[in-house]
Amino acid sequence: MNDREITVEVNGEPRSATVPVRMLLSDFLRHILTLTGTHVGCEQGICGACTVQLDGEPVRSCLMLAVQADGRAVRTVEALADPTGTPHPLQKAFHAEHALQCGFCTAGFLMSAEPLLESIDIADEQKVREALSGNICRCTGYQSIVAAVEDAARAIREEDQHSEGKRA
Amino acid sequence: MKPPPFAYEVPDTSQEALALLAAHGDEAKVLAGGQSLIPLLNMRMARPALLVDVNRVAELSRPTRREGRLHLGALTRQAFLERSPLVARHWPLLREAARWIAHPQIRARGTVGGSVAHADANAELPTVLAALDAVFVARSLRGERTIGWREFFHGPFETELHDDELLTEIRVPALPPGTGTAFTEFARRRGDFAMAGAAAVVTLDADRTCRHAALAPLGLEPVPLRMPEIEATLTGRVIDERAARDATDALFAYAAPADDIHADAIYRREVTTALIRRALLLAAQRAEGRDE
């Protein structure tokens, strides 16, 4: 029997399907759930275009079988903007800094960068670059991407301070 | 570039996993983190008839420290080595090496056991575990055995594990007081496989002389390697620039790297020599509490 029924929480909602056991998570997201924001660049785990978050951690969806996500929570780039369509600070920063050209790598960068925003040491550019080293971009030369991540991190932290200030 | 067809089982216990391996032998492949196996499947360089997914076998996960030793379940994620305060405090070499493994996304899924069982000659963990004198625990329906790292690694992608065996645990001895460790690597891009690297463990006596040194170069030979003759020459010496130089001068009587598409032999030798010296000196400094 080479098909299995799986239930995966995707962007907060349970999604069930019967899939071939050899189907990659990336293909499950794109073809079964039609969440095509996640892109497929290499299927070898090198390029990072397929990065999604599994239980909050960035992983390469081309290196997971869909069946391995059964019972787990997956977050894709489609979850970044809020339900009214307002872009996430990261998306705003990418826009402002021209951190995308063809856009193929972008979803992967966003998913890798999002968990870093609260914690990464933005004063140290080398650390930011290292944290993003699992994502390849052929268009931008990375400078604008690094700037966007730093801007977004600052924005998120200012927002946090602002809301803490209100509560206090 | 999609995987070829395979049967798929996801056992809940190690007993179930072992039964599957016993029944299907060389037609089965264990799927742990998948960060090495799934690329091989995607490229159709591996075509196992059966995948045994062990990610739900809870017994393989629990890292603990018992009687000073580190017991890492085979399913311990590489990211754990980076983040664990236990590892940072007692086995900082593992943490230092883990940061060089591929990329954060890979380390989120990749496992210590998987890296060991896969036995890629350019992987960081097998070499570092050799420097730490780790032993590996393998189980099958026939029983359990403990395998020293020397007996474990046979060659590139070849280990002592039989087809019906599952690597369940990696055990790392305690490091005695007065020990410093260091790992360093050279790769063309951040996250690439190492072109050259070195792990060093140095234990010093109160008079600053070396009581024990472990040197494990990465990428020199297609198996994890220690250099016992060189390690022996360091015993009783203060580990300074001169000692490091003397140690590495003996290096290439000992092991000669080959030319390959990443580097020719001379380049690899020069880089490896420099890295071994660097790691040795840094480990000695750390043993004295003189951090960089």
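Here is the naming used below: chain letters follow the sequence lines, and residue numbers restart at 1 for every chain.
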Asker: Quick one, Asn11(A) with Leu35(A), criterion side chain to side chain contact (heavy atoms under 4.5 Å, CB included). Give me CA distance, side-chain angles, the key distance, then yes/no.
Answerer: CA-CA 10 Å; Asn11(A) 300 334; Leu35(A) 293 170; 4.2 Å; yes
Asker: Apply side chain to side chain contact (heavy atoms under 4.5 Å, CB included) to the pair Glu150(A) and Arg154(A), showing each step before the final yes or no.
Answerer: CA-CA 6 Å; Glu150(A) 290 172 351; Arg154(A) 254 176 245 118; 3.8 Å; yes
Asker: To check you understand the geometry: which heavy-atom pair defines the closest contact between Ala66(A) and Ile6(A), and what is its length?
Answerer: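 So the two residues come closest at O-CD1, 3.6 Å.
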Asker: Let me know if Arg189(B) has heavy atoms under 4.5 Å from chain A in its side chain, its backbone, both or neither.
Answerer: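 No part of it gets close to chain A.
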Asker: Testing Thr111(B), Leu37(B), Leu40(B) one by one against His118(B) for a side chain to side chain contact (heavy atoms under 4.5 Å, CB included), which residue passes?
Answerer: Leu40(B)
Asker: So what's closer than 4.5 Å to chain B heavy atoms on Thr51(A): side chain, backbone, both or neither?
Answerer: side chain
Asker: Under 4.5 Å heavy-atom distance to chain A, tell me which part of Met1(B) shows up: side chain, backbone, both or neither.
Answerer: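 The answer is both parts of Met1(B).
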Asker: Heavy-atom distance under 4.5 Å to chain B: side chain of Gln68(A), backbone, both or neither?
Answerer: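 The answer is both parts of Gln68(A).
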Asker: Can you see which heavy atom on Glu185(B) is nearest to which on Leu218(B), and at what distance?
Answerer: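 Shortest heavy-atom contact: OE1-CD2, 4.3 Å.
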Asker: Sort Asp55(A) into side chain, backbone, both or neither according to what part of it lies under 4.5 angstrom from a heavy atom of chain B.
Answerer: neither
Asker: Answer with side chain, backbone, both or neither: which region of Glu57(A) has an atom nearer than 4.5 Å to a non-hydrogen atom of chain B?
Answerer: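 Side chain only.
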Asker: Among Pro104(B), Ala79(B), Pro4(B), Pro3(B), single out the residue with the greatest number of heavy-atom pairs under 4.5 Å to chain A.
Answerer: Pro3(B)
Asker: Please list, in residue-number order, every residue in residues 93-123 of chain A that has a heavy atom less than 4.5 Å from any heavy atom of chain B; write 'none' if there are none.
Answerer: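 So the qualifying residues are Ser112(A).
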Asker: Side chain of Asn42(B), backbone of Glu43(A): donor and acceptor closer than 3.5 Å?
Answerer: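 Yes, the answer is positive, given that a donor and an acceptor are paired below the 3.5 Å cut-off.
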Asker: Minimum heavy-atom separation for Gln78(B) and Ala98(B), please, with both atom names.
Answerer: O-CB, 4.1 Å
Asker: Under a 4.5 Å cut-off applied to non-hydrogen side-chain atoms, are Leu65(A) and Val19(A) in contact?
Answerer: no
Asker: Between the side chains of Glu78(A) and Thr76(A), does any donor sit under 3.5 Å from an acceptor?
Answerer: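 Result is yes, a qualifying pair exists.
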Asker: Tell me if the CZ atom of Arg56(B) is crowded by more than 12 foreign heavy atoms within 6.0 Å.
Answerer: yes
Asker: Do the side chains of Arg286(B) and Glu96(B) get close enough for a salt bridge, i.e. N-O under 4.0 angstrom?
Answerer: yes
Asker: Any non-hydrogen side-chain atom of His71(B) less than 4.5 Å from a side-chain atom of Arg65(B)?
Answerer: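 The answer is no; the side chains never approach within 4.5 Å.
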Asker: Would you mind checking which part of Leu54(A) comes under 4.5 Å of any heavy atom in chain B, side chain (CB onward), backbone (N, CA, C, O), both or neither?
Answerer: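 For Leu54(A), the side chain is the part near chain B, not the backbone.
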Asker: What residues of residues 20-33 of chain B sit under 4.5 Å from chain A when you count only heavy atoms?
Answerer: Leu31(B), Ala32(B), Gly33(B)
Asker: Donor-acceptor pair, distance only, cut-off 3.5 Å: does the side chain of Arg30(A) make one with the backbone of Thr38(A)?
Answerer: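 Between the backbone of Thr38(A) and the side chain of Arg30(A) there is a qualifying donor-acceptor contact (under 3.5 Å).
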